[in-house]
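To keep things clear, I will list the structure first and then write my remarks on it.
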Amino acid sequence: MDQLLQQLINGLAWGAIYALIALGYTMVYGVLRLINFAHGDVYMVGAMMAYYLAHWLGFAVAPSTIGFVIVLTSSMLICGALGALIELVAYRPLRNRPRMSMLITAIGVSMLLEFGGQRVFGPDPKFFPQLIESRSLFKAGAVVLTNIDLLVICVSLFLMVVLRFIVLRTKIGLAVRAVSFSFETSSLMGINVNTVISVTFVIGSALAAAAGAMVGLRNPKIEPLMGVLPGVKAFVAAVLGGIGNFPGAVVGGLVMGVTETLVAAYFSSTYRDAVAFVILIVVLLVRPAGLFGKVTVEKV
Amino acid sequence: MLTIRNLHVRYGAVHALQGVSLTVAAGEIVTLIGSNGAGKSTLLRAISGLHRPSAGEILWKGAAQIETLAPHRIVALGLCHVPEGRQVFANLTVRENLDLGAYQRKDKAEIREGIERAYTLFPILKERQQQLSGTLSGGEQQMLAIARALMARPELLLLDEPSLGLAPLVVQTIFKVIQEINAQGTTILLVEQNAHMALRIAQRGYVLQTGKIVLEDSGKNLLNSPEVRAAYLGD
């Protein structure tokens with residue numbers, strides 16, 4: 001029982017991370033119908049930026065919660081800009097080309113970030129500074145809830161609430177929903193479609209950066225290829241929830257995180273990374289539109 | 001108000017508009033009739049910036065050349081296009097659709113006024129305001145599409161086949177409102193296949209055939225012209 005509870009806590013923390021990344025996949029898919037394969041690598045850049053910022057700003061030697069907040073938000077801003085830049089340079093010129101061109105370009109951007117990252121940041125793992133000292137907040141038997149776990153879950157939850165507010169209650173959110181329905185009709189409303197697409201990339205990439213910076217706190221070893229597997233898993237989480245669907249991405253992420261930790265705990269940690277692919281295969285076989293996705297009948 | 005000179009539009013090898021010239025004066029209802037594939041929608045799409053013409057010019061208020069502007073900039077100038085097939089945002093509510101129509105407007109009071117006006121023109125929209133617009137009937141969607149365009153307070157309204165696929169009674173309601181909107185000061189360029197209805201409410205009309213304007217006259221004269229009667233009114 002204790003072990004189960006403990007694993008659930010771990011699973012939820014990882015699930016929150018996957019959910020944040022999955023939201024970016026789902027947002028970009030919503031407006032561009034593109035699986036942005038570079039998204040997992042933006043998460044890596046988020047962790048790297050947080051690492052460098054923590055050192056440059058001196059928080060690495062003088063850890064504090066406020067320091068972490070500053071590092072987190074700055075990393076989100078930088079990655080938001082990176083996301084907009086990727087869209088501008090790599091995807092926008094291909095907007096009116098066959099969708100496959102953009103998809104292949106996304107794979108290219110992903111590789112550029114991974115191997116460019118090895119060049120710029122160095123291929124060896126770095127150790128993320130302990131910006132917040134890990135303490136156990138709550139102990140019952142063998143179950144420990146650390147402040148880091150709680151922070152990861154709370155910050156993720158907060159960002160999701162903010163995102164929900166933006167999408168459902170603000171003008172730009174309304175524009176995002178309109179653009180995801182039709183570029184052409186949106187432009188006839190006076191919406192600058194390019195701006196809206198940029199904003200989507202900014203928000204999605206900022207969420208991934210937040211995930212990256214928080215992962216640094218829990219699992220301090222960071223390196224340029226760290227985004228590959230979480231990227232794939234978050235993508236599967238988005239598909240599981242129904243790609244293009246916001247609540248679906250969150251639920252998908254949590255299910256992914258919990259399942260993965262439970263499998264690692266009760267079967268073998270060797271199977272940990274296989275879980276994502278099993279889930280993907282099952283979803284595609286049983287419910288290709290995902291848990292919350294609408295089954296659309298393609299009219300021919 | 002709107003002057004089009006020698007406009008050409010191509011889609012790849014298809015030469016959809018071949019030197020179209022027309023004018024719309026402030027306060028008019030001008031209609032453009034023609035059969036399927038004549039280029040009527042293409043012309044509206046060129047005006048609102050959805051298609052870049054290959055040659056020719058589109059002048060707004062006699063001065064500004066607008067044929068190279070992006071669609072959202074053209075909306076800002078006061079031209080609004082109600083596209084063919086209504087194109088309401090089916091995933092959004094009626095109210096959200098109206099709000100999108102006012103996307104470039106800042107003044108909250110003005111937007112509220114616009115919404116009130118939309119509900120006065122089409123009372124059914126008020127009843128349906130929280131409903132997803134995808135669940136509306138075709139006629140209600142057309143009303144929403146027109147109301148949404150009016151939210152931007154256009155000086156010129158481009159209407160593409162508002163009668164398409166609607167029951168005759170609904171078509172009459174919509175045409176009555178089009179006249180009302182015009183009477184309230186909005187100039188209208190109306191593209192229609194229902195030539196009879198269109199010519200009856202228009203001051204002037206143009207007949208478009210395979211990318212060229214072949215006739216131009218007052219609505220009344222076109223309605224009585226033997227060529228038009230034979231080709232478009234089914235006599």
Side-chain angles (χ1 to χ4, degrees), chain A residues 26-27 29-33 88 92-93 95-98 164-200 241-249 289-290 292-299, chain B residues 11-12 41 44-45 47-52 69-93 95-106 108 111 114 132-134 141 144-154 157-160:
Chain A
T26 254
M27 281 187 83
Y29 183 85
V31 293
L32 280 188
R33 303 289 180 272
L88 182 68
R92 191 171 299 181
R95 181 111 30 97
N96 298 318
R97 299 294 165 129
R164 192 183 156 78
F165 177 81
I166 293 176
V167 170
L168 292 182
R169 295 270 173 272
T170 66
K171 198 168 172 179
I172 186 75
L174 184 60
V176 168
R177 286 183 288 153
V179 167
S180 73
F181 188 79
S182 159
F183 286 2
E184 210 169 69
T185 315
S186 299
S187 70
L188 292 181
M189 301 297 108
I191 296 171
N192 185 341
V193 173
N194 283 335
T195 310
V196 172
I197 291 174
S198 299
V199 168
T200 311
I243 190 128
N245 182 297
F246 287 70
F292 296 81
K294 265 196 277 274
V295 181
T296 50
V297 180
E298 203 133 314
K299 285 186 196 158
Chain B
Y11 300 98
S41 295
L44 288 197
R45 293 170 63 86
I47 297 171
S48 59
L50 295 174
H51 278 306
R52 183 72 60 91
L69 293 184
H72 67 272
R73 299 223 180 277
I74 291 178
V75 174
L77 294 175
L79 287 85
C80 261
H81 179 176
V82 181
E84 187 178 353
R86 7 258 188 230
Q87 309 297 336
V88 296
F89 296 99
N91 58 332
L92 304 177
T93 65
R95 178 58 200 264
E96 285 171 328
N97 268 273
L98 292 176
D99 284 339
L100 278 167
Y103 192 76
Q104 295 193 348
R105 307 212 67 87
K106 301 273 182 285
K108 288 245 164 69
I111 295 176
L132 286 184
S133 63
Q141 289 191 0
L144 176 58
I146 294 174
R148 182 178 67 180
L150 289 177
M151 292 296 297
R153 294 201 167 189
L157 191 63
L158 311 170
L159 293 168
D160 197 348

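So that the names make sense, note that chain A is the first sequence line, chain B the second, and so on, each numbered from 1. Just so we're clear, the structure is a prediction, and the values are computed from it rather than from any experiment. Atom set for the values below is all heavy atoms of this structure, side chains included, hydrogens, waters and symmetry mates excluded.
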- request: Please determine, among Val75(B), Val82(B), Leu79(B), Asn97(B), the option with the most heavy-atom pairs under 4.5 Å with chain A.
  value: Val75(B)
- request: For Arg95(A), check side chain to side chain donor-acceptor pair (under 3.5 Å) against everything at least two apart and list the hits.
  value: Glu87(A), Asn194(A)
- request: Can you tell which part of Leu100(B) gets under 4.5 Å to a heavy atom of chain A, answering side chain, backbone, both or neither?
  value: both
- request: Counting only heavy atoms closer than 4.5 Å, note whether Arg45(B) contacts chain A via side chain, backbone, both or neither.
  value: side chain
query: So which of Pro83(B), Ala90(B), Ala76(B), Ala70(B) has the biggest tally of heavy-atom pairs under 4.5 Å with chain A?
result: Ala90(B)
- request: Against chain A, label Arg105(B) side chain, backbone, both or neither, depending on which of its atoms sit under 4.5 Å from a heavy atom there.
  value: backbone
- line: Ordered numerically, the heavy-atom neighbours of chain B under 4.5 Å found in residues 180-188 of chain A are Ser180(A), Phe181(A), Ser182(A), Glu184(A), Thr185(A), Ser186(A), Ser187(A), Leu188(A)
- request: Write out all pairs satisfying salt bridge (charged side-chain N to carboxylate O under 4.0 Å, His left out) with one or both partners inside residues 167-178 of chain A, taking only residues at least two apart or from two chains.
  value: Arg177(A)-Glu96(B)
field: Within residues 146-154 of chain B, residues adjacent to chain A where the heavy-atom gap is under 4.5 Å
entry: Arg148(B)
Proximity breakdown for Val88(B) and chain A, heavy-atom pairs closer than 4.5 Å: backbone
message: Would you say that more than 12 heavy atoms from the other residues, nucleotides or ligands in this model lie under 6.0 Å from the CZ of Arg164(A), or not?
response: no
